[in-house]
A.B. asks: 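Questions regarding the structure given below will be posed in turn.
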Number of protein chains: 2
Amino acid sequence: MVLSTKDKILAKALTLFNEQGSDFVTVRHIASELGISHGNLCYHFANTDVIIEALYQQLVDKLNELTIQMTGLSENQLTILYQLSYRSFEILYQYRFLMLDFVRIMRRIPAIKLHFKALMQIRQEQFKHIITSMQANGFIDIPEKNIAPLIEQALLFGDFWISRAEILFDGNEQEKTAYYHKTFYALFEPYLCGNADW
Amino acid sequence: MVLSTKDKILAKALTLFNEQGSDFVTVRHIASELGISHGNLCYHFANTDVIIEALYQQLVDKLNELTIQMTGLSENQLTILYQLSYRSFEILYQYRFLMLDFVRIMRRIPAIKLHFKALMQIRQEQFKHIITSMQANGFIDIPEKNIAPLIEQALLFGDFWISRAEILFDGNEQEKTAYYHKTFYALFEPYLCGNADW
DNA sequence: ATACTTTTAGTACATTTGTTCTAAATTCTA
DNA sequence: TAGAATTTAGAACAAATGTACTAAAAGTAT
């Protein structure tokens, strides 16, 4: 299975963006790394913004696919929350430049900003639904007034743990995602009922 | 009291950085906004990185001054935690471009990255000290194993609420800091003992 | 095989930016 | 006030970048 030029460009761009940040990386750099002319690259993608949009779309697609997979599962909701968030962390980390350059990208590419705002709205409602549902099933016990802050905390953590890790995490690369996910999950711990043992 | 050219440059740069992001803003832009030549500006600050370093230093100085002020207070520790974090949020918001462009700046200016890592180490220990002290005085009740995650959550939130707000907060500008600080403070609420009423 | 489309390399140009330099203007000091 | 130091404006240059264009090469369909 050989990749098309388009796919090779996207893959290489993702690597370079993650390593160096989405500024610092130009169409010429990407082309040079691939050993193709930048003229050719611009034939496929007019500029880096278009590449970023394409990669953002990849991320969204993967997260959507994951959500569909998970909601089909018959596990208990606590397990689903845990698994869903962990695998989201992993996927997000693959596309980490999007979070590392969060504000810059949103400012630069209005289409992504708009889409992301809508996405956050949906995620917030999903979260709310999961929590109230877990509440009803006796998995957690959380006062009504604490729900909104908890969701806000969780979404914020989910978006920015990568940025914090980029600068401050000194441990093993393999443990990075696991460490931050554990800290993420600890947000819910004060409210968990006893029947959760892990 | 008339500002020196140096101070005028720093003030204008801060405004432009906050509005547009620290990339997009060049020495020429700043000079143009001030109505001075960029040659003159470069006489005072060789490039934007130097300006960013100077502004970062201003922020650190203000936060240090605040910490000194607050530790001198005779209020109870809960009040101090609340006040200290709230005023930190306000100061940080004044220099918000540093957080909005967090990763980019740290990658670009190693001196800031090093300093920031050291600063975070200190902050973490301060937090730990406050929490164990509050624990000893019966203000909070938190299991030992939850302390480290709570501190990590608090520091992460403290650094990145501004980025989230920049894209997603739709409310009144005046209420922004208050809203996120409230959410920040809610991190501690599950562990607070009854004698805290606000 | 021929005509057509897609893909590719390479060139060229305008713009922006960082940086340096010079000389004039201003301020300070003795 | 005269001379020195500082500050300022503006020009000049190199490097990087986005963008557009041309023409060749490769691939495809009839």
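Just so it is clear, the model here is predicted, and its values are computed rather than measured.
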A.B. asks: Taking Phe184(A) as the fixed residue, which of Tyr82(A), Trp161(A), Phe89(A) is the one that meets the ring pair (Phe, Tyr, Trp, His ring centres under 6.0 Å) rule?
C.D. replies: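 Checked Tyr82(A), Trp161(A), Phe89(A) against Phe184(A); only one passes ring pair (Phe, Tyr, Trp, His ring centres under 6.0 Å): Phe89(A).
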A.B. asks: So Tyr86(B) and Tyr185(B), ring-ring contact (aromatic ring centres under 6.0 Å, His included) or not? Walk me through it.
C.D. replies: CA-CA 9 Å; Tyr86(B) 193 87; Tyr185(B) 200 76; over 10 Å; no
A.B. asks: What are the bounds, 5' to 3', of the part of DNA chain C that sits under 4.0 Å from heavy atoms of chain A?
C.D. replies: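 Span of nucleotides near chain A: dT6(C) to dA12(C).
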A.B. asks: Not counting sequence neighbours, list each pair that qualifies as a ring pair (Phe, Tyr, Trp, His ring centres under 6.0 Å) and has a residue in residues 100-127 of chain B.
C.D. replies: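 Sorted pair list: Tyr56(B)-His115(B), Phe102(B)-Phe116(B), Phe102(B)-Phe160(B).
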A.B. asks: Which residues pass the side-chain hydrogen bond (donor to acceptor under 3.5 Å, both in side chains) test with Ser85(A), not counting sequence neighbours?
C.D. replies: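 So Ser85(A) forms a side-chain hydrogen bond (donor to acceptor under 3.5 Å, both in side chains) with His181(A).
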A.B. asks: side-chain hydrogen bond (donor to acceptor under 3.5 Å, both in side chains) with Glu173(A): which residues, sequence neighbours excluded?
C.D. replies: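 Tyr93(A), Lys176(A).
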A.B. asks: Working to the nearest 0.5 angstrom, can you tell me the gap between Cys193(B) SG and Asp141(B) CG?
C.D. replies: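 One gets 5.5 Å once the value is rounded to the nearest 0.5 Å.
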A.B. asks: Which pairs, with at least one residue in residues 32-52 of chain B and sequence neighbours excluded, count as a ring pair (Phe, Tyr, Trp, His ring centres under 6.0 Å)?
C.D. replies: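 Not a single pair qualifies under ring pair (Phe, Tyr, Trp, His ring centres under 6.0 Å).
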A.B. asks: Can a salt bridge be assigned to the pair Arg104(A) and Asp101(B) using a cut-off of 4.0 Å between side-chain N and carboxylate O?
C.D. replies: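 The answer is no: the pair does not qualify as a salt bridge.
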A.B. asks: Listed in order of residue number, which residues of residues 24-36 of chain B have a non-hydrogen atom at under 4.0 Å from DNA chain C?
C.D. replies: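 Here the set is Thr26(B), Val27(B), Arg28(B), His29(B).
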A.B. asks: Name all pairs fulfilling the salt bridge (Lys or Arg N to Asp or Glu O under 4.0 Å) condition that reach into residues 34-63 of chain B, sequence neighbours left out, sorted by first residue then second.
C.D. replies: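 Every salt bridge (Lys or Arg N to Asp or Glu O under 4.0 Å) pair that includes a residue of residues 34-63 of chain B, provided the two are not neighbours, is Asp49(B)-Arg108(B).
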A.B. asks: Of the residues in residues 38-46 of chain A, which ones touch DNA chain C at a heavy-atom distance under 4.0 Å?
C.D. replies: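 Only His38(A), Gly39(A), Asn40(A), Tyr43(A), His44(A) qualify.
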A.B. asks: Would you grab the first and last nucleotide of DNA chain D (5' to 3') that comes under 4.0 Å of any non-hydrogen atom in chain B?
C.D. replies: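 Listing 5' to 3', DNA chain D meets chain B from dT6(D) to dA12(D).
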A.B. asks: Could you list by number each residue of residues 49-58 of chain B showing a heavy-atom separation from DNA chain C of less than 4.0 Å, or answer none if no residue does?
C.D. replies: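 Contacting residues: none.
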A.B. asks: Any side-chain heavy-atom pair from Leu63(A) and Ser88(A) closer than 4.5 angstrom?
C.D. replies: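 When only atoms from C-beta onward are counted, Ser88(A) and Leu63(A) do touch, with a gap below 4.5 Å.
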A.B. asks: Tell me, yes or no, whether the heavy-atom count around Lys182(B) atom NZ, taken from other residues, nucleotides or ligands under 6.0 Å, exceeds 12.
C.D. replies: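 Open.
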A.B. asks: Indicate whether any N or O donor in one side chain lies under 3.5 Å from an N or O acceptor in the other, for Asn76(A) and Thr79(A).
C.D. replies: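 Yes, because at least one side-chain N or O of Asn76(A) sits under 3.5 Å from a partner of the opposite role on Thr79(A).
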A.B. asks: Taking only residues two or more places apart in sequence, or in another chain, which ones meet Thr26(B) in a side-chain hydrogen bond (donor to acceptor under 3.5 Å, both in side chains)?
C.D. replies: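 Counting only residues at least two positions away or on another chain, Thr26(B) forms a side-chain hydrogen bond (donor to acceptor under 3.5 Å, both in side chains) with His29(B).
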A.B. asks: Only distances under 3.5 Å count here; give the side-chain donor-acceptor pairs of residues 142-156 of chain A to other protein atoms, sequence neighbours excluded, each with its distance to 0.1 Å.
C.D. replies:
| unit_1 | atom_1 | unit_2 | atom_2 | d |
| --- | --- | --- | --- | --- |
| Asn146(A) | ND2 | Tyr191(A) | OH | 3.1 |
| Glu152(A) | OE1 | Tyr179(B) | OH | 2.6 |
| Glu152(A) | OE2 | Arg164(B) | NE | 2.8 |
| Gln153(A) | NE2 | Thr183(B) | O | 2.9 |

A.B. asks: What are the two closest non-hydrogen atoms of Gly158(A) and Leu92(A), and how far apart are they?
C.D. replies: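 Nearest pair, atom of Gly158(A) first, then Leu92(A): O-CD2, 3.2 Å.
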